There are 2 protein chains.
Amino acid sequence: MARPRFRNLDKDTRNQILETAAVEFAARGFDGTSLNRLIEGLGISKGSFYYYFDDKADLFSTVVDHAWAVFLPEGELDLAAFDGENYWPALQELMRQARARARANPWVAGFTRLIYNPPDNPDIREALDVLFAKAREFQAELIRRGQELGAVRDDLPIELLQSLLVGADEAGDRWFVDNWERLGDDEVERLFEEVFAIFRRMMEPPPG
Amino acid sequence: MARPRFRNLDKDTRNQILETAAVEFAARGFDGTSLNRLIEGLGISKGSFYYYFDDKADLFSTVVDHAWAVFLPEGELDLAAFDGENYWPALQELMRQARARARANPWVAGFTRLIYNPPDNPDIREALDVLFAKAREFQAELIRRGQELGAVRDDLPIELLQSLLVGADEAGDRWFVDNWERLGDDEVERLFEEVFAIFRRMMEPPPG
DNA sequence: GTTGATTTAGACCGATCGGTCGAACCATCG
DNA sequence: CGATGGTTCGACCGATCGGTCTAAATCAAC
């Protein structure tokens, strides 16, 4: 994690550093991101960078925390408030917000892909593992709550169902982000409802 | 593409080079793969490597062609033979074979992810673009044939439906490959049929 | 203005990268 | 045997990498 003095910088400066680094890490991965080019792009010197961060891995860890804050839905999530009546609408609203965040921070989608090709550096692997374990647990809680309510099928290994859903969801996110401008908000909303209906049919107990 | 003399090598030697390179490229990407370490692992010298390949990009292109051969189903695919009766069983069989290939060549799954973080090298970008354009077109043809037969819904942009399906399919592939050993062939087959039923419900016109 | 702590700057380091090149090796000829 | 053409080898090159370090700039307190 960044040295304490990092907090002394302007909030804008801190944000610019973390966002720029996040975009670069998301696009090129940890090893693929050049620290030299990054700080040159930011207009800060090497000495300054190492004054605020221990090393490249330290910057990455800080960015991971930043990414997690963006990934999480706003406000606390009260699973107990989900009941048989509102489970599907509440889930749909969560996904709608997630899609909005994905559009506002397109690098987050790139970040999620880092887990598949982790670098050798063990600190980085651990930071990614922790991040994605949290994300997976969050998704799994939503699914399990649906199973408790009888809304979601429980005849498949939950990891399998979760994999299918997350895979489809990430692909859908990508498609919506890529085509949002062309389609306009209304068409996106209409298609999003269709897509959510597909997700719901994936999750519900199969007919027959 | 590799120099013509590459064909003079034993088929085993050629395969070992291409498979080892494929695994490495799939795991670390183009830029992340070290040519020095690769040839050291293969036990060949730098001089020998450059005797058969123009450069690293040339090796990559050759590997891409190799990957495409593995990705494609065996034998020719006759879309006209798909009719309303056998569309779903035929599609299921195609997916079953794809899953078997994914298990036998796990690096192919890693290869498909390269498209999301392409390196700067324009030759590599083009090789990847061509490869994935072929793959997408192949998938799209299957979907369009289903639409002609009235089996598959056509009220969504086909690229959206295709994205969702491919995203879920790749995630499912990954899960099956990771858990195959633990589950055994029979359980994998049972779960695969459940998963295909999910894909079918994603593709069919929605009820109601 | 002087002092001392904080912050910035960039020259420099060893390691590794992809790629070049000339020498050596080796089989097949006359 | 020597000559020849195909093949292998590894030292070497410039570029770039992440990281170190010292000196200068800046700021606050008196």
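This structure is a prediction, so every number in the text was calculated from the model and none was measured. Below, chains carry the letters A, B, ... as their sequence lines are ordered, and counting in each starts from 1.
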Residues in salt bridge (charged side-chain N to carboxylate O under 4.0 Å, His left out) with [X], at least two apart?
X: B:R136; result: none
X: B:R145; result: B:E148
X: A:R200; result: A:E204

Separation of [N] [atom2] from [X] [atom1] (nearest whole Å):
X: B:F53; N: C:dT20; atom1: CZ; atom2: C1'; result: 18 Å
X: A:R14; N: C:dT7; atom1: CZ; atom2: P; result: 13 Å
X: B:N8; N: C:dA27; atom1: CG; atom2: P; result: 16 Å
X: B:R5; N: D:dG5; atom1: CZ; atom2: P; result: 14 Å
X: B:Y52; N: C:dG19; atom1: OH; atom2: P; result: 19 Å

For B:F196, does the six-membered ring have the charged nitrogen or CZ of B:R96 within the cation-pi criterion, i.e. under 6.0 angstrom from the centroid and within 45° of the normal?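 B:R96 over B:F196 ring: no.
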Using a 3.5 Å cut-off and no angle test, enumerate the donor-acceptor pairs between side-chain atoms of residues 176-184 of chain A and protein atoms at least two apart in sequence or in another chain.
unit_1: A:N179; atom_1: OD1; unit_2: A:R182; atom_2: NE; d: 3.4
unit_1: A:N179; atom_1: OD1; unit_2: A:R182; atom_2: NH2; d: 2.9
unit_1: A:N179; atom_1: ND2; unit_2: A:W175; atom_2: O; d: 2.7
unit_1: A:W180; atom_1: NE1; unit_2: A:D185; atom_2: OD1; d: 2.9

Can you pull out every salt bridge (Lys or Arg N to Asp or Glu O under 4.0 Å) where at least one residue sits in residues 43-60 of chain B? Sequence neighbours excluded, please. B:R3-B:D54
Among residues at least two apart in sequence or on other chains, which ones pass side-chain contact (heavy atoms from CB on, under 4.5 Å) with B:N15?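 Once residues adjacent in sequence are excluded, the partners of B:N15 under the side-chain contact (heavy atoms from CB on, under 4.5 Å) criterion are B:K11, B:H66.
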Side-chain N,O (A:Y51) to OP1/OP2 (C:dT8) below 4.0 Å: no
If a protein heavy atom is under 4.0 Å from the base, mark B; if only from the sugar-phosphate, S; if neither, -; do that for nucleotides 9-23 of chain D going 5' to 3'. BBB-----BBBB---
Could you list the donor-acceptor pairs under 3.5 angstrom formed by side chains in residues 98-107 of chain B, with sequence neighbours left out?
unit_1: B:R99; atom_1: NE; unit_2: B:D173; atom_2: OD1; d: 2.6
unit_1: B:R99; atom_1: NH2; unit_2: B:D169; atom_2: OD1; d: 2.8
unit_1: B:R99; atom_1: NH2; unit_2: B:D173; atom_2: OD1; d: 3.2
unit_1: B:R101; atom_1: NE; unit_2: B:V70; atom_2: O; d: 3.0
unit_1: B:R101; atom_1: NE; unit_2: B:F71; atom_2: O; d: 3.2
unit_1: B:R101; atom_1: NH2; unit_2: B:F71; atom_2: O; d: 2.9

Got a sec? Which of residues 15-29 of chain B come in under 4.0 Å of DNA chain D, heavy atoms?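 Result for residues 15-29 of chain B: none.
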